[in-house]
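Input: a single structure, listed below in structure tokens.
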Number of protein chains: 4
Amino acid sequence: MPVNEYFFTSEICNSTQPYLILTDRSVKNIMSPRTPSKNEEIRQESMKRIKEAAFSLIAKQGYDATSIAQIAKEAGVSKGLMYNYFESKEDLLEKLVTDAMKEGDHVIAQLLNEDPSITLRNIIKWFFKELRERPEYWRLMTELTFRIDKFKFVHDMATEKMKGYTVFIKELLVKIDYPNPEGESKLVGAIFDGIAIQYLVIRDDYPLVEMEKFLIDKYCRKK
Amino acid sequence: MPVNEYFFTSEICNSTQPYLILTDRSVKNIMSPRTPSKNEEIRQESMKRIKEAAFSLIAKQGYDATSIAQIAKEAGVSKGLMYNYFESKEDLLEKLVTDAMKEGDHVIAQLLNEDPSITLRNIIKWFFKELRERPEYWRLMTELTFRIDKFKFVHDMATEKMKGYTVFIKELLVKIDYPNPEGESKLVGAIFDGIAIQYLVIRDDYPLVEMEKFLIDKYCRKK
Amino acid sequence: MPVNEYFFTSEICNSTQPYLILTDRSVKNIMSPRTPSKNEEIRQESMKRIKEAAFSLIAKQGYDATSIAQIAKEAGVSKGLMYNYFESKEDLLEKLVTDAMKEGDHVIAQLLNEDPSITLRNIIKWFFKELRERPEYWRLMTELTFRIDKFKFVHDMATEKMKGYTVFIKELLVKIDYPNPEGESKLVGAIFDGIAIQYLVIRDDYPLVEMEKFLIDKYCRKK
Amino acid sequence: MPVNEYFFTSEICNSTQPYLILTDRSVKNIMSPRTPSKNEEIRQESMKRIKEAAFSLIAKQGYDATSIAQIAKEAGVSKGLMYNYFESKEDLLEKLVTDAMKEGDHVIAQLLNEDPSITLRNIIKWFFKELRERPEYWRLMTELTFRIDKFKFVHDMATEKMKGYTVFIKELLVKIDYPNPEGESKLVGAIFDGIAIQYLVIRDDYPLVEMEKFLIDKYCRKK
DNA sequence: TATGAATGAGTATTCATTCAT
DNA sequence: AATGAATGAATACTCATTCAT
């Protein structure tokens, strides 16, 4: 691999700014006091701090109850800076949700197995793992989903995901000859939501481990 | 969305109208041009109108989006009067929720039957009936439950109810020799909550009738 | 005239509230802590103070440069109160302008005379009188008229008034056989605006008296 | 709206580009990798672009509605750079207005003719030409003039120009034996301002051509 | 008991200006 | 000379709550 490959970090390559082309001006740092990549770094850092602060506060307190001032304080930046990166409070929320969804998006493919029972078990396990690892995210999504009028984008995302997922479960149940797969797949959907909700509300008192075992035993047992 | 939690309570049937009992305060107040009982009547009437207005508005719009001014207008009273009866907006909400929960308590007794299968069927039917008839109420309870930090009292009520309820279902399942009653009763709890939340979000697109039949068939069939 | 006529002041009769009908309740002042007319009085007083403060500040500084906070402070009320009476800052402005226009509306009829020369002289005199007595109002109107995009209502009012007025002048000039009444009436319109503008800007240094005499001499001299 | 004030000035033809003269400051700055004159060239270029962007935006949208960020973007420079050349947003405006006034100064000389009637006709024609070609500029000047408290410098410039101008017109009228030149010159000033303001407000509906002919016919006809 | 005028702390958002680089 | 991330004071507006009557 030629040495010069090292000169092109992903950061530089992704830069949307053309200034890094080496000209007299950029070499002498006359035109630009900070390099564009340095600036981008600063931007990303600030954005990240804002997003993290916003996410944890909104997930804990809810969207309305969390003020821009509070987020800025938590993130250690000024209120004004938030509007360099996000058009509005709602735009910030949308980016937060989109980010969080992306995190979970890639996994499904890895859960597939030629044995449908195992696929189903993987899904169940993944669901409980998500619940344990990102409870705040699911709490937030649930809250937002309930506010259809205000956050249609969340509601739409959620509804669509739910449909695709129910179909998928049904096909698995068909393959493993589970009785009444049509109704049962809808039931499984409700069970997932129900467990999530109860866990998100009562948390440590909820028998998450027991329920996980129970579900796997109920739906993934080899006949 | 813990919905089923609200169906059962340990404190059975406290008077829903305790204010009519003549307390020291109202008895003493005899210099008033109105008799104490007349006064109390007026109080009850005003309170009722405020609660009704508050409930319907909050259920429709959410707690934050509903202002005291709006409630007062809908109830046909002044803003100031509201603070004669309720210490704050949050206190009003608490009394609203408490009332609504008490209403649910009465019903349970009527669902009992010497045949546990029939009792269970009655419960399932009542659950779906509630969902159809008072979706706003359940939406409100769900919304509030998710705002733990702000409305701890709802969370506590919900958790307590859920426990009592799970025990009750378990006993029914034991009586009808349903396999694994311990886990299954928790599952039924999750199913109720799951169905409720899905229905409350997607409404008309949700197969409520189908799910009701499916559940009755699954849990109440005589072997 | 029957004595009871004296009981119905205009204030009471105009009240939109029916409470003044003498019933036990209103006599004993149980239902309403302040009489509706007293309330209306308070409202009018507050409104007046806000309007006066707003008018003088906006006329002096311009609309944008005058903040709600400033107006409230000048009026000696809280910011919040302003929104009891006016829907927005712009609504306040609109009411201000409408009020000011009303003040000047009635006069025209009184300027008419069977001798068109005298009518014209009356108009010219009235114009200079207005300029002397309400310069802030005309300054404000001029400023606002220039901001078509934002204050279309002012622009429309102004344009309409100008048209009617030009036609009126033309007819007068026709009657007094002034040469070229069509063009001359438009010129007179421009002259009025021009004098107003110059006076409103340089004020005391402007030869208002001299111009008034000059105009009367030029246009109202008996042939 | 004092428009005509900007047409004449006492300080005739200061260099419109005084910055190109090498000052002590730029001469000394020899450690720079650029020559001082090269630097100065860059300065001039940047300043010019900023001024042009600022002028067109402010003329179109008004002073308050135009942000520094917008100007910088339009000019293709950074916000920070603006503060190298202008102390503040208001300072930028002041320089803009001063520049624009100077531009007007040059023209007058070209309008002069040994025949005073022709000079007057030239002035009238030039006035209407300006109005047609640069209405935004005149709109801006008018807007600013009316904000005395905020932009006193505009007011002062305007007042001074008006005086010089009135004297000039008067002398022309004297030469052509127009009756009452003292009053009539002031009237012409008012007429210019009046026509300008009416045209700037109602634009296409204003009979600009008709008024131009009418004025020339009225004031420049050889007897 | 009942009213509603009044308050003031709170909200999201904007923007001229600063300053490290 | 030039940049643009960052600031913070200012903006219009909202609303739960108080209190004189």
Side-chain angles (χ1 to χ4, degrees), chain A residues 19 25 29-36 38-40 42-43 45-46 64 67-70 72 77-90 92, chain B residues 29 32-34 38-39 42-43 46 64 66-72 77-85 87-90 92, chain C residues 19 25 28-36 38-39 42-43 45-46 64 67-72 77-90 92, chain D residues 29 32-34 38-40 42-43 46 64 66-72 77-85 87-90 92:
Chain A
Y19 305 113
R25 285 157 92 211
N29 201 17
I30 284 168
M31 196 59 186
S32 189
R34 289 192 203 101
T35 62
K38 177 65 182 170
N39 258 335
E40 191 55 30
I42 291 172
R43 286 180 65 84
E45 168 64 19
S46 290
D64 286 325
S67 72
I68 288 285
Q70 219 179 347
V77 302
S78 67
K79 271 183 295 173
L81 189 61
M82 315 234 358
Y83 290 87
N84 272 15
Y85 301 121
F86 307 98
E87 282 175 11
S88 65
K89 192 184 174 186
E90 194 165 334
L92 166 58
Chain B
N29 199 14
S32 163
R34 300 184 195 122
K38 178 67 181 170
N39 261 341
I42 291 171
R43 284 182 65 87
S46 291
D64 288 319
T66 303
S67 72
I68 288 284
Q70 225 181 341
I71 295 171
V77 303
S78 68
K79 272 183 294 174
L81 189 60
M82 313 233 358
Y83 289 86
N84 276 11
Y85 300 127
E87 283 174 12
S88 66
K89 192 184 173 187
E90 194 167 333
L92 166 59
Chain C
Y19 305 114
R25 286 157 94 210
K28 287 183 182 168
N29 200 18
I30 285 168
M31 195 61 187
S32 189
R34 290 192 202 103
T35 62
K38 178 66 182 169
N39 259 335
I42 291 171
R43 287 180 64 85
E45 169 63 19
S46 289
D64 286 325
S67 72
I68 289 285
Q70 219 181 346
I71 295 171
V77 302
S78 67
K79 270 181 298 173
L81 189 61
M82 312 231 3
Y83 291 87
N84 272 15
Y85 301 121
F86 307 98
E87 282 175 12
S88 64
K89 192 184 173 186
E90 195 165 333
L92 167 58
Chain D
N29 201 15
S32 164
R34 299 183 195 124
K38 177 69 182 167
N39 261 341
E40 200 48 43
I42 292 171
R43 283 183 65 89
S46 291
D64 288 319
T66 303
S67 71
I68 289 283
Q70 224 181 342
I71 295 171
V77 302
S78 69
K79 272 185 292 174
L81 188 60
M82 315 233 354
Y83 289 85
N84 276 11
Y85 300 127
E87 282 174 12
S88 65
K89 191 185 175 188
E90 196 167 333
L92 166 58

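In what follows, every chain begins at residue 1, and chains take the letters A, B, ... in the order their sequences are listed. All of these numbers come straight from a predicted model, not from anything done at the bench.
- When rounded to the nearest whole Å, the span between CD of A:Glu40 and P of F:dT3 equals 17 Å.
- Distances shorter than 4.0 Å separate none of the side-chain N or O atoms of A:Arg34 from OP1 or OP2 on F:dG4.
- Comparing atom distances between the A:Leu81 side chain and each of F:dT7, E:dA2, E:dA5 picks out F:dT7 as nearest.
- Base-pair partner of F:dA2: E:dT21 (Watson-Crick or G-U wobble, both distances under 3.5 Å).
- Within the structure, every side-chain polar atom (N or O) of A:Arg43 is placed at least 4.0 Å from both OP1 and OP2 of F:dG4.
- Contact annotation: B:Ser67 does not reach the phosphate of F:dT14 (side-chain N/O to OP1 or OP2, under 4.0 Å).
- Closest non-hydrogen pair, A:Ser88 versus A:Tyr83, comes out as CA-CE2, 4.0 Å.
- Remark: the backbone N or O of B:Ser67 is not paired with any side-chain donor or acceptor of B:Lys89 at under 3.5 angstrom.
- Look at NZ on C:Lys89: it is 4 Å from P on F:dA12, rounded to the nearest Å.
- Within the 4.0 Å cut-off from OP1 or OP2 of F:dA2, not a single side-chain nitrogen or oxygen of D:Tyr83 is found.
- Checking the phosphate oxygens (OP1, OP2) of F:dA1, no side-chain nitrogen or oxygen of D:Ser46 falls inside 4.0 Å.
- Comparing B:Asn84 and A:Glu87, the nucleotide of DNA chain E nearest to each residue sits closer to the 5' end for B:Asn84.
- At F:dA6, one or more side-chain N or O atoms of A:Tyr85 fall inside 4.0 Å of OP1 or OP2 (strictly under the cut-off).
- The nearest heavy atom of DNA chain F to C:Lys38 and to B:Glu90 marks one nucleotide each, and the one closer to the 5' end goes with B:Glu90.
- Going from atom CD1 of D:Ile71 over to atom C1' of E:dC15 covers 12 Å, rounded to whole Å.
- Taking for each of C:Gln70 and A:Ser78 the nucleotide of DNA chain F with the nearest heavy atom, the 5'-most of the two is the partner of A:Ser78.
- Computed from coordinates, the C:Ile68 CD1 to F:dA12 P distance equals 6 Å when rounded to whole Å.
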Q. Does the pair B:Ile71 and B:Val77 meet the rule for a side-chain contact (heavy atoms from CB on, under 4.5 Å), with working shown?
A. CA-CA 9 Å; B:Ile71 295 171; B:Val77 303; over 6 Å; no

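- Separating the CG atom of A:Asp64 from the P atom of F:dA16 is a distance of 12 Å, rounded to the nearest angstrom.
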Q.
What verdict does the side-chain contact (heavy atoms from CB on, under 4.5 Å) test give for C:Ile42 and C:Arg34, after you've listed the backbone C-alpha separation in whole Å, the side-chain angles of each residue and the deciding distance to 0.1 Å?
A. CA-CA 10 Å; C:Ile42 291 171; C:Arg34 290 192 202 103; 3.7 Å; yes

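- When both pairing distances are held under 3.5 Å, F:dC13 makes a Watson-Crick or G-U pair with E:dG10.
- Atom CE in B:Met82 sits roughly 15 Å away from atom P in E:dT1 (whole-Å rounding).
- A:Phe86 comes within 4.0 angstrom of no nucleic acid atom, judged by non-hydrogen atoms across all strands.
- If you check distances only, the side chain of C:Lys79 does reach the base of E:dG10 with a donor-acceptor pair under 3.5 Å.
- Taken to the nearest 0.5 Å, the NZ atom of A:Lys79 stands 13.0 Å off from the CG atom of A:Leu81.
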